[in-house]
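Notes follow once the structure below has been shown.
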There are 2 protein chains.
Amino acid sequence: MQSFETAYGTSPASLFQALLRPDKSKMSAAVQRTPGGKPAPGAGALLRFRNNQMIFNEGDEANYFYMVVSGRVRLCKMRYDGRRQIVDLMIPGDIFGFEYGTEHTFTAEAIGKTVLDSYSCRPIERLSEERLDVRRDLMTMLHHNLSSVRNHMVLLGRETARERVATFLATLAIRFRITGRGVMDLGMGRRDIADYLGLALETVCRELSGLRHAGLIEILDHRRIAVLDMAALQSISEGLQQRRPG
Amino acid sequence: MQSFETAYGTSPASLFQALLRPDKSKMSAAVQRTPGGKPAPGAGALLRFRNNQMIFNEGDEANYFYMVVSGRVRLCKMRYDGRRQIVDLMIPGDIFGFEYGTEHTFTAEAIGKTVLDSYSCRPIERLSEERLDVRRDLMTMLHHNLSSVRNHMVLLGRETARERVATFLATLAIRFRITGRGVMDLGMGRRDIADYLGLALETVCRELSGLRHAGLIEILDHRRIAVLDMAALQSISEGLQQRRPG
DNA sequence: CGGTCTGTTGAACGCGCTCAAGACTGGTGG
DNA sequence: CCACCAGTCTTGAGCGCGTTCAACAGACCG
């Protein structure tokens, strides 16, 4: 079974291993990594956030970017009437908030108790002007973000509720390096899942119950879910399950 | 009234004016621009596409990128069962297909008769290693794409059908530099609009009819729409119209 | 142990979808 | 030039998925 303490996101962290290499880096805020690969506080300032605490707001000046050490972070867009869309979810190891422009284009909030490593944007911008590999990593990170966000657009535009929840679970499992069976800590409530998947909170509950009754998952407690049949989850996620008979 | 011949996309074209500056550029494939700002064929190879013709497929090796000279291009993702989500729409002046990675992460297809200017990726990658301003423009373009795609996620996840169609029209009008009243050529059919907005084709028809009956637009023919009340369109787009009484 | 927040389940509604028919458009060949 | 035809658009009718509203159960925390 996967340990949550050592689990961390695929996305930009691995890319940034080179970027933030302490030995070669001239940047003072270099990230130190423990042998196990677990993200650990580096020379950047460690910040602690409580549940639902705002990290930065859409429109704020972008002077810092962050790496998740523990907890979860939601990147979201709000509308005046309270409707909310989570555009990305950050898990330990993920990096967010780096803008080449001047201000943040989304709001970032902590989900649960969250620890972040924060870095000033300027040094890395300067570094990227000196070093080719740093530039490549920044570009790769941006492209990776763009690609994953586009995949999520297909989910929001063209998937059924059941498919969305299955995709969410399968994708999260992969990010946590769970291949077959395994337990994972969602680290967030139904409200956040719903706003990420573009569904009502109650629909998320119902679909999770449905997947449980189908024997694909087990709901250990509100936050922790055991994946029992990853293949079936992925099958539903890809729409191979009873859609359009014939 | 806006002339379609001189209209071109806001997004990356203006950013790339500096990038592809012919005088300073060492790249042979420099874009020449007419005084009016209209995108014109440069030293890049001119390619002509017929309606629905594939430009490149998801997974294809990414050796070229393109600028739209005339026509429209859809960037889309397909699912096995035929469901389709258009992740971005390109209008004249827009640039697409530049990947810092190795392969394209989406499919590109021409909508209607379309002319593209094509450029090899390598020269610009080399150029970006020499010139700071080129790097900045590439980064800015990527960030712009990321930001606009995230805005579209809010539409797909949290907007009503009426709001989506109003947002579509208002956004397109702005891209065509229409401020108050004006006529614009959508350049695409209802099917494409539907797949861009995550709706059924019939729903797009109904909502367009609704906006017409409300006096906000006029449908001149299948492709051309006159915007009569831009403010009202934007008001609906932002959800300020009768949602949640009280 | 009480209070509040979160999750679950049921019932009913309604938005947007599906299915279907008809109108319109644009392109083609006689 | 017009007749034809295929493709696209429009509108109607009915349905169903996911939402809303509501009640209750469970979990967490002081």
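Residue numbers begin at 1 in each chain, while the letters A, B, ... track the order of the sequences. Nothing here was measured: the structure is a model prediction, and the numbers come from that model.
Taking the side chain of Arg206(B) as heavy atoms from C-beta on, and the options dT8(C), dG16(C), dT18(C), the nearest nucleotide is dT18(C). Of the candidates dG18(D), dT8(C), dC17(C), dC17(C) carries the atom nearest the Thr203(B) side chain, counting heavy atoms from C-beta on.
Atoms CG (Leu199(B)) and P (dT10(D)) sit 14 Å apart, rounded to a whole Å. For the pair Leu208(A) CG and dG7(C) C1', the computed distance is 10 Å after rounding to whole Å. Atom-to-atom, CG of Leu201(B) to C1' of dC19(C) comes out at 13 Å; the value is rounded to the nearest Å. Asp192(A) places its CG atom 12 Å from the C1' atom of dT6(C), with the value rounded to the nearest Å. Look at CD1 on Ile219(A): it is 12 Å from P on dA27(D), rounded to the nearest Å. Regarding Asn52(B), its CG atom lies at a distance of 8 Å from the P atom of dT8(D), rounded to whole Å. For Arg50(B) and dG27(C), the CZ to C1' distance is 16 Å, given to the nearest whole Å. For the pair Arg224(B) CZ and dT25(C) P, the computed distance is 12 Å after rounding to whole Å.
In this structure a side-chain-to-backbone donor-acceptor pair under 3.5 Å is missing from Arg164(B) to Ser237(B).
Nucleotides of DNA chain D nearest to Ala200(A) and Arg212(B) differ in position, and the one nearer the 5' end is that of Arg212(B). A residue-by-residue look at Ala161(A) and Cys205(B) shows that Cys205(B) has its nearest nucleotide of DNA chain D further toward the 5' end.
Look at Ser209(B) and you'll find a side-chain N or O under 4.0 angstrom from OP1 or OP2 of dT11(D). Contact annotation: Arg190(A) side-chain N/O to dA27(D) OP1/OP2 distance is not under 4.0 Å.
No side-chain heavy atom of Asp94(A) sits less than 4.5 Å from a side-chain heavy atom of Tyr66(A).
For the pair Arg84(A) and Asp195(A), the tightest heavy-atom approach, listed with the atom from each and the gap, is NE-OD2, 2.7 Å.
Aromatic rings of Phe98(A) and Tyr119(A) (six-membered ring for Trp) have centroids beyond the 6.0 Å cut-off, not under it.
Residue contacts for Gly210(B): at a heavy-atom cut-off of 4.0 Å it reaches no nucleic acid atom on any strand shown. When heavy atoms are screened at a 4.0 angstrom cut-off, Arg164(B) is found touching no nucleic acid atom at all.
Within 3.5 Å, a donor on the side chain of Glu202(A) pairs with an acceptor on the base of dC21(D), or the reverse.
We find that Asp185(A) and Arg224(A) are not joined by a salt bridge, their nearest charged nitrogen and carboxylate oxygen being 4.0 Å or further apart.
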